[in-house]
Enquirer: 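Let me give you the structure first, and then I'll get to my questions.
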There are 2 protein chains.
Amino acid sequence: MIPGEGTGGCCPQYHRAVELIGRRWTGAIVAVLLAEDAPRRFSELRAAVPGLSDRVLSQRLRELEVEQLLGREVHAGPPVRVEYALTPKGRDLAPVVRALEHWGQRWMDCGGSGSLAVAAGPSADDHRLG
Amino acid sequence: MIPGEGTGGCCPQYHRAVELIGRRWTGAIVAVLLAEDAPRRFSELRAAVPGLSDRVLSQRLRELEVEQLLGREVHAGPPVRVEYALTPKGRDLAPVVRALEHWGQRWMDCGGSGSLAVAAGPSADDHRLG
DNA sequence: TTCGTCGCTTCACTTTGTGAAGCACCGGTA
DNA sequence: TACCGGTGCTTCACAAAGTGAAGCGACGAA
């Protein structure tokens, strides 16, 4: 199905965007490519995003290439290398990634336990309806 | 598995954040709740997000409640009503959602075709590696 | 009685993601 | 010669997540 195919409360562009970069691992891949804003090879990306499988990495790279968030460049040495780099469209996701990083650092429990549901807010004590 | 359980290129908080709000439909639900910043009922959310099924809506609401992004309030009338509203933690996602909305409006093809891969950039013509 | 609304839950089915292995190519080592 | 490791993927069988449709108990309206 195609989500966002109706006008219901949120604009379809936002919906398309969140369904695109919200796909599993896509946010992590984009963040790694944004980190230094340098081209990355397949194995570098795989190494930089721990739980990511080869299959999904190649799938995501193809999706992002189709959506023109990144470009693929093949360097024919004798050891052929493939590099992926963000396009301007992809690079323009930097504010989104930074905002989400900021939110994560502010609200996600980071130091000790790896578990969830830990109140870690800065002005905590009113985590209720308001 | 738990993604982000290694330090590999991106901070685990960001990873947790993107995997949380990047879950399917979650971004749309949060955006609707942010839209007016008013409590919403189950059926309102369902109506506001077209393709979303009841099952996933209730699942997402529970996840977001567990993560303390929203609170659930039961109003016992004779017609019992359940309202969901963002907590401060959830409301603090507003910059993220706004940034992504902005990106979507800038880069996502919106007017005519519903298809993808349409160059629609503002300073378009250099969608390549740079 | 029958109908509809409320907030869900349950069902069978499809799509998506998983770890592990494999593949064609290359250069180095033994 | 055979083997080894690294490159960028692809393929496989299986598990998890998402799908549309139906159902559920409580209630009010016709």
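Letters go in sequence order (proteins before strands), and every chain restarts at 1.
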Enquirer: May I ask you to say what B/Val82 touches in the nucleic acid, namely base, sugar-phosphate or nothing, with a heavy-atom cut-off under 4.0 Å?
Expert: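 Sugar-phosphate, no base atom in range.
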Enquirer: Rounded to whole Å, please give me the gap between CD1 in B/Ile29 and P in C/dC8.
Expert: 13 Å
Enquirer: If I take atom CD in residue B/Glu44 and atom P in nucleotide C/dC8, what distance separates them, rounded to the nearest angstrom?
Expert: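 Answer to the nearest Å: 13 Å.
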Enquirer: Are A/Arg24 and B/Glu19 side-chain neighbours, meaning at least one heavy-atom pair lies under 4.5 Å?
Expert: yes
Enquirer: Where the side chain of A/Ser43 is concerned, which of D/dG20, C/dC8, D/dT7 is the nearest nucleotide?
Expert: D/dT7
Enquirer: So, is B/Arg62 near the phosphate of C/dC8, with a side-chain N or O under 4.0 Å from OP1 or OP2?
Expert: no
Enquirer: Do any side-chain nitrogens or oxygens of B/Ser53 fall under 4.0 Å of OP1 or OP2 in D/dG18?
Expert: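 No.
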Enquirer: Looking only at side-chain N and O atoms, does B/Arg72 come under 4.0 Å of OP1 or OP2 in C/dC8?
Expert: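 Yes.
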Enquirer: Do the ring centers of A/His102 and A/Trp107 come within less than 6.0 Å of each other?
Expert: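 They do not qualify: ring centres at least 6.0 Å apart.
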Enquirer: Where the side chain of B/Tyr84 meets the backbone of B/Leu33, is there a donor-acceptor pair that is under 3.5 Å apart?
Expert: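 It does not hold such a pair.
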Enquirer: In terms of the nearest nucleotide of DNA chain D, which residue is placed more toward the 5' end: B/Asp54 or B/Arg60?
Expert: B/Arg60
Enquirer: Return the value, rounded to whole Å, for the distance between atom CZ of B/Arg46 and atom P of C/dG7.
Expert: 8 Å
Enquirer: Tell me whether the side-chain N/O atoms of B/Gln59 come closer than 4.0 Å to OP1 or OP2 in D/dG18.
Expert: yes
Enquirer: Please give, in whole Å, the distance from D/dA13 C1' to A/Arg55 CZ?
Expert: 11 Å
Enquirer: By the 4.0 Å heavy-atom rule, please label B/Arg41 as base, sugar-phosphate, or nothing.
Expert: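 Answer is sugar-phosphate: B/Arg41 comes under 4.0 Å of backbone atoms only.
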Enquirer: Roughly, in whole Å, what's the span from CD in B/Glu19 to C1' in C/dT18?
Expert: 14 Å
Enquirer: Nearest-Å distance, OH (A/Tyr84) to P (D/dT7)?
Expert: 13 Å
Enquirer: Counting distance only, does the side-chain N/O of A/Glu44 pair as donor-acceptor with the main-chain N or O of A/Arg41 below 3.5 Å?
Expert: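 Flag set: sc A/Glu44 to bb A/Arg41 pair under 3.5 Å.
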Enquirer: Does B/Ser58 put a side-chain nitrogen or oxygen below 4.0 Å from OP1 or OP2 of C/dT9?
Expert: yes
Enquirer: In whole Å, what is the span from the CG atom of B/Leu52 to the C1' atom of D/dA21?
Expert: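 My rounded result for the distance is 15 Å.
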Enquirer: Give a yes/no answer on whether the side chain of B/Trp25 brings an N or O atom under 4.0 Å of OP1 or OP2 in D/dT19.
Expert: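 Result: yes.
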Enquirer: Atom CZ of B/Arg81 to atom C1' of C/dC6: distance rounded to whole Å?
Expert: 8 Å
Enquirer: Main chain of B/Met108, side chain of A/Lys89: is a donor-acceptor contact present, judged purely on distance under 3.5 Å?
Expert: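 Looks like no, no N/O pair under 3.5 Å.
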